[in-house]
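Read through the structure below, which is laid out as structure tokens, and then see the notes.
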Amino acid sequence: MASGTRPSAAEKAQAAEERRQRIWQVIHAIPSGRVCSYGMVARLAGLANGARQTAWALRHLPRDTKIPWFRVINSQGKIAMPEGSRGYREQRRRLKAEGVTFNDSGRISSRSFWWEGD
DNA sequence: GTGTTGACTATCG
DNA sequence: ACGATAGCCAACA
């Protein structure tokens, strides 16, 4: 219901932080050995077209985060960071350690790696 | 307030 | 399969 009063800056900031929290919560729920796309993470977090928000939230994670950021890849089944970059190699190494394999094109080798929630 | 940016994505040729 | 395009939305200059 419209209360007539516009949301304050503080309320907007709080809403933005809650969106980020939901995104992190969803990512944290991705099982080991599975991957999820940016768009799917956003959808599970209640954001219809929030793929870029997921990307933004991940890009700004602290180095020592416990969130499994490496289980999030793009809708093409490929790692989103530039190939050959430091983050790219680390993400691929971490996924491989969980059993997620890639083909020569840089895409995950099996559709069964995808996770769509529970 | 306006314009640009980006770890995105669906669609088209 | 692949590159170009347009749509998307929060943060930033």
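Letters go in sequence order (proteins before strands), and every chain restarts at 1. All values below were derived from every heavy atom in this structure, side-chain atoms included, with hydrogens, water molecules and symmetry-related copies excluded.
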Counting side-chain heavy atoms from C-beta on, which of C/dA10, C/dC9, B/dT9 comes nearest to A/Asn49?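 Nearest to the side-chain atoms of A/Asn49, counting from C-beta on, is C/dC9.
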Out of B/dA10, C/dA10, B/dC8, which has the shortest distance to the side chain of A/Ser75?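 Side chain of A/Ser75 sits closest to B/dA10.
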Does A/Ser105 reach a base, just sugar-phosphate, or nothing at all? Heavy atoms under 4.0 Å.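 Here A/Ser105 touches no strand at all.
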Regarding A/Arg107, tell me which of base, sugar-phosphate or nothing describes its non-hydrogen contacts under 4.0 Å with the strands shown.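 It contacts sugar-phosphate atoms only.
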Testing the basics here: between A/Asn103 and A/Arg92, what is the closest heavy-atom pair and its distance to 0.1 Å?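 Looking at all heavy atoms of both residues, the shortest contact is O-NH2, 4.4 Å.
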Closest heavy-atom contact between A/Val100 and A/Arg34?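 Closest approach of A/Val100 to A/Arg34: CG2-N, 4.4 Å.
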What is the distance, to the nearest angstrom, from the [atom1] atom on [X] to the [atom2] atom on [N]?
| X | N | atom1 | atom2 | answer |
| --- | --- | --- | --- | --- |
| A/Lys12 | C/dC12 | NZ | P | 16 Å |
| A/Gln53 | B/dC8 | CD | P | 14 Å |
| A/Asn74 | C/dG3 | CG | P | 13 Å |
| A/Asp104 | C/dC2 | CG | P | 12 Å |
| A/Lys78 | C/dG3 | NZ | P | 8 Å |
| A/Ile73 | B/dC8 | CD1 | P | 12 Å |
| A/His60 | C/dC9 | NE2 | P | 19 Å |
| A/Glu17 | C/dA10 | CD | C1' | 14 Å |

Worked verdict on A/Glu98 versus A/Phe70 for side-chain contact (heavy atoms from CB on, under 4.5 Å): CA-CA 11 Å; A/Glu98 296 187 343; A/Phe70 52 87; 3.4 Å; yes
Under 4.0 Å between a side-chain N/O of A/Thr54 and OP1 or OP2 of B/dC8, yes or no?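 False: A/Thr54 side-chain N/O out of range (4.0 Å or more) of B/dC8 OP1/OP2.
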Counting only heavy atoms not in A/Glu18, do more than 12 sit closer than 6.0 Å to its CD atom?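 Yes, because the 6.0 Å sphere around CD of A/Glu18 holds more than 12 heavy atoms from other groups.
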Check whether more than 12 heavy atoms from other residues, nucleotides or ligands sit under 6.0 Å from atom CZ of A/Arg43, and answer yes or no.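 No, not enclosed.
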Side-chain-base donor-acceptor pair under 3.5 Å for A/Arg52 and B/dC8: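 Between B/dC8 and A/Arg52, which were checked side chain against base, a qualifying N/O pair under 3.5 Å is present.
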